[in-house]
Number of protein chains: 2
Amino acid sequence: MNKQKAQPVVGFSQHDHRRCVKKALKEADDYCELNQLRFTVVRRRTLGILLESHMAMGAYEVLERLKLEELGSKPPIAYRALGFLLENGFIHRIERLNAFVACSHPGSTHHPAFLICSDCGSVAEAAVSPNSDALSQTAEQSGFQIEHTTIEAEGQCPDCLQQVES
Amino acid sequence: MNKQKAQPVVGFSQHDHRRCVKKALKEADDYCELNQLRFTVVRRRTLGILLESHMAMGAYEVLERLKLEELGSKPPIAYRALGFLLENGFIHRIERLNAFVACSHPGSTHHPAFLICSDCGSVAEAAVSPNSDALSQTAEQSGFQIEHTTIEAEGQCPDCLQQVES
DNA sequence: TTAGTATTGATATAACATAACATTTTTTAC
DNA sequence: GTAAAAAATGTTATGTTATATCAATACTAA
Ligand SMILES: [Zn+2]
Ligand SMILES: [Zn+2]
Ligand SMILES: [Zn+2]
Ligand SMILES: [Zn+2]
């Protein structure tokens with residue numbers, strides 16, 4: 001991650017970002033109401049920050065943003081909010097980056113996979129069908145019961161590849 | 001603790017395991033000689049420590065072991081040795097655990113996948129064929145060029161599942 | 001209300017990792 | 001063989017990520 005800023009995270013294409021954020025927050029509102037989860041100010045705003053950014057953000061980066069809005073200033077504030085959002089599937093953790101990113105298609109349970117550009121830092125999420133991938137097959141063969149998968153690829157995104165060519 | 005398939009050293013009897021470690025070190029010796037790599041005492045011993053262990057080990061855990069043998073006492077010692085071993089494919093890094101594990105089948109280039117037991121901490125490595133998995137397909141479709149993959153599953157290993165049942 | 005539970009506030013520290021520079025060892029060129 | 005260059009190690013310091021703990025507050029339900 002050594003070049004510019006905010007790159008699209010949902011695939012590598014343009015989209016109406018503001019509407020996308022609003023929609024996602026609304027869906028989270030609904031989900032929390034339905035499941036009697038307490039979608040507090042800090043939690044909602046944390047999700048908002050990640051949705052707006054559309055980049056993977058570190059916990060301390062999120063915390064900086066929360067500080068600006070007087071929503072907390074100490075690490076546990078950020079980690080707790082992120083923990084809540086992770087548990088409820090609103091965000092994912094990118095292990096290779098020690099960072100967090102809003103889920104591109106929340107609501108449905110899925111095994112997310114991420115494509116991380118090492119040049120521009122953009123992160124794209126793709127759903128991998130749970131039972132067709134090689135990992136699940138290997139697990140099944142050996143009698144291992146998967147509860148969570150981490151599937152991440154690092155490399156060059158289409159945009160950055162193009163820039164090298166030209 | 002006995003598992004089938006592409007397992008590292010878990011479950012081997014003490015005698016077999018010793019031989020297995022010795023064999024792996026010998027292979028590393030040969031590889032380094034062939035490729036004119038400097039397989040120094042610290043590097044070789046670090047690989048030995050990981051081979052002997054039946055679990056993934058953190059860098060500071062490895063460092064503790066090196067300390068005991070007067071091979072270094074400060075973090076960079078361990079991280080440098082681990083870096084060398086990573087670069088040359090003798091070990092892998094498990095992102096979810098911030099830990100390192102000796103490769104189960106070094107020599108050949110492969111996309112390693114790991115099955116991590118959240119109960120007993122055992123880690124099994126399996127090779128995933130690079131071009132058949134869903135991740136590679138997704139990447140190819142979007143024009144993303146993969147350089148490195150992180151594929152990890154957390155859950156219950158067969159042994160730990162059995163213990164819950166009984 | 002009142003007790004119980006969930007969340008937040010705050011301090012401290014644990015765990016993981018690297019930057020920077022000095023020193024030593026090994027390799028290479030002459 | 002010696003000197004220069006390169007690689008590895010020693011050392012200090014610091015940066016980064018994450019959690020344990022306990023006090024205070026807010027929400028929930030009897
Ligand atoms: Zn998702
Ligand atoms: Zn890019
Ligand atoms: Zn391997
Ligand atoms: Zn187990």
Side-chain angles (χ1 to χ4, degrees), chain A residues 1-2 28 32-33 35-47 49-50 55-88 90-101 121 150 152, chain B residues 28-29 32-47 49-50 55-88 90-101 118 121 150 152 154:
Chain A
M1 206 184 298
N2 44 14
C32 288
E33 176 142 24
N35 295 85
Q36 295 182 306
L37 297 168
R38 286 154 74 173
F39 203 30
T40 63
V41 179
V42 180
R43 291 169 175 178
R44 195 172 193 277
R45 188 60 197 121
T46 299
L47 178 55
I49 288 166
L50 286 175
M55 293 270 293
M57 288 177 84
Y60 280 76
E61 220 175 330
V62 170
L63 182 57
E64 279 308 309
R65 297 289 307 275
L66 291 173
K67 258 186 202 166
L68 291 178
E69 304 173 25
E70 319 256 300
L71 286 174
S73 62
K74 302 300 181 343
I77 295 295
Y79 280 102
R80 283 166 181 159
L82 292 167
F84 171 88
L85 296 171
L86 278 175
E87 272 173 20
N88 295 289
F90 298 129
I91 67 174
H92 299 296
R93 183 181 154 82
I94 313 289
E95 298 291 341
R96 281 186 71 79
L97 303 177
N98 292 329
F100 304 84
V101 66
T150 299
E152 301 169 6
Chain B
D29 284 333
C32 287
E33 175 142 26
L34 192 67
N35 294 85
Q36 295 181 305
L37 298 168
R38 286 154 74 172
F39 202 31
T40 63
V41 179
V42 180
R43 290 168 176 178
R44 193 171 193 278
R45 188 61 198 121
T46 299
L47 178 55
I49 287 166
L50 287 175
M55 308 241 266
M57 288 178 82
Y60 280 75
E61 223 174 327
V62 170
L63 182 57
E64 280 306 310
R65 298 286 308 274
L66 290 173
K67 257 187 203 166
L68 292 178
E69 304 174 27
E70 319 256 298
L71 287 174
S73 60
K74 303 298 182 341
I77 296 293
Y79 280 102
R80 283 168 182 159
L82 292 167
F84 170 88
L85 297 171
L86 278 174
E87 273 174 20
N88 295 288
F90 298 128
I91 66 174
H92 299 296
R93 183 183 154 80
I94 313 288
E95 299 292 342
R96 281 186 71 79
L97 303 177
N98 293 329
F100 304 84
V101 66
S118 25
T150 299
E152 301 170 6
E154 206 163 334

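FYI, side chains are in, hydrogens and waters are out, and symmetry mates aren't considered; it's all heavy atoms of this structure. Lettering of chains follows the sequences in order, A, B, ..., and the numbering in each one begins at 1.
Every side-chain contact (heavy atoms from CB on, under 4.5 Å) that B:Ala56 has, sequence neighbours left out, goes to B:Ile94, B:Leu97, B:Ala99, B:Val101, B:Val123. With sequence neighbours left out, the side chain to side chain donor-acceptor pair (under 3.5 Å) criterion links A:Glu152 to no other residue. Every residue two or more places apart in sequence or in another chain that forms a side-chain contact (heavy atoms from CB on, under 4.5 Å) with B:Leu86 is listed here: B:Ile91, B:Arg93, B:Phe100.
Bracketed by its first and final contacts, the part of DNA chain D lying under 4.0 Å from non-hydrogen atoms of chain B reaches from D:dA7 to D:dT12 in 5' to 3' order.
Among residue pairs with one or both ends in residues 69-82 of chain A, those qualifying as salt bridge (Lys or Arg N to Asp or Glu O under 4.0 Å) are A:Arg45-A:Glu69; sequence neighbours excluded. Pairs passing the side-chain hydrogen bond (donor to acceptor under 3.5 Å, both in side chains) check and including a residue from residues 34-44 of chain B, sequence neighbours excluded, read B:Asp29-B:Arg44.
Within the helix from C:dT1-D:dA30 to C:dC30-D:dG1, the inter-axis angle between the opening and closing five-pair segments is 30°, rounded to 10°.
Separating the NZ atom of A:Lys67 from the P atom of C:dT8 is a distance of 18 Å, rounded to the nearest angstrom. Look at CD1 on A:Ile77: it is 9 Å from C1' on C:dA10, rounded to the nearest Å.
Using a 4.5 Å cut-off on side-chain heavy atoms (C-beta onward), A:Leu71 and A:Ile77 make no contact. Considering only heavy atoms from C-beta on, A:Phe39 comes within 4.5 Å of A:Leu85 through its side chain.
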Restricting both atoms to N or O, compile the protein contacts to nucleotides 23-29 of chain C shorter than 3.5 Å, with distance only.
unit_1: C:dT26; atom_1: O4'; unit_2: B:Arg38; atom_2: NH2; d: 3.4

Below 3.5 Å, can you tabulate the donor-acceptor pairs from side chains in residues 57-64 of chain A to any protein atom, sequence neighbours excluded?
unit_1: A:Glu61; atom_1: OE1; unit_2: A:Gly58; atom_2: N; d: 3.0
unit_1: A:Glu64; atom_1: OE2; unit_2: A:Lys67; atom_2: NZ; d: 3.4

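Of the residues in residues 40-47 of chain A, A:Thr40, A:Arg43 come within less than 4.0 Å of DNA chain C through at least one heavy atom, sorted by number.
Atom CG of A:Leu47 is separated from atom CZ of A:Phe84 by 9.5 Å, given to the nearest 0.5 angstrom. A distance of 5.0 Å separates CD1 in B:Ile49 from CZ in B:Arg65, rounded to the nearest 0.5 Å.
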Reading nucleotides 13-20 of chain C from the 5' end, what letters show protein touch, with B for base, S for backbone sugar-phosphate only, - for no heavy atom under 4.0 Å?
-> ---BBBBB
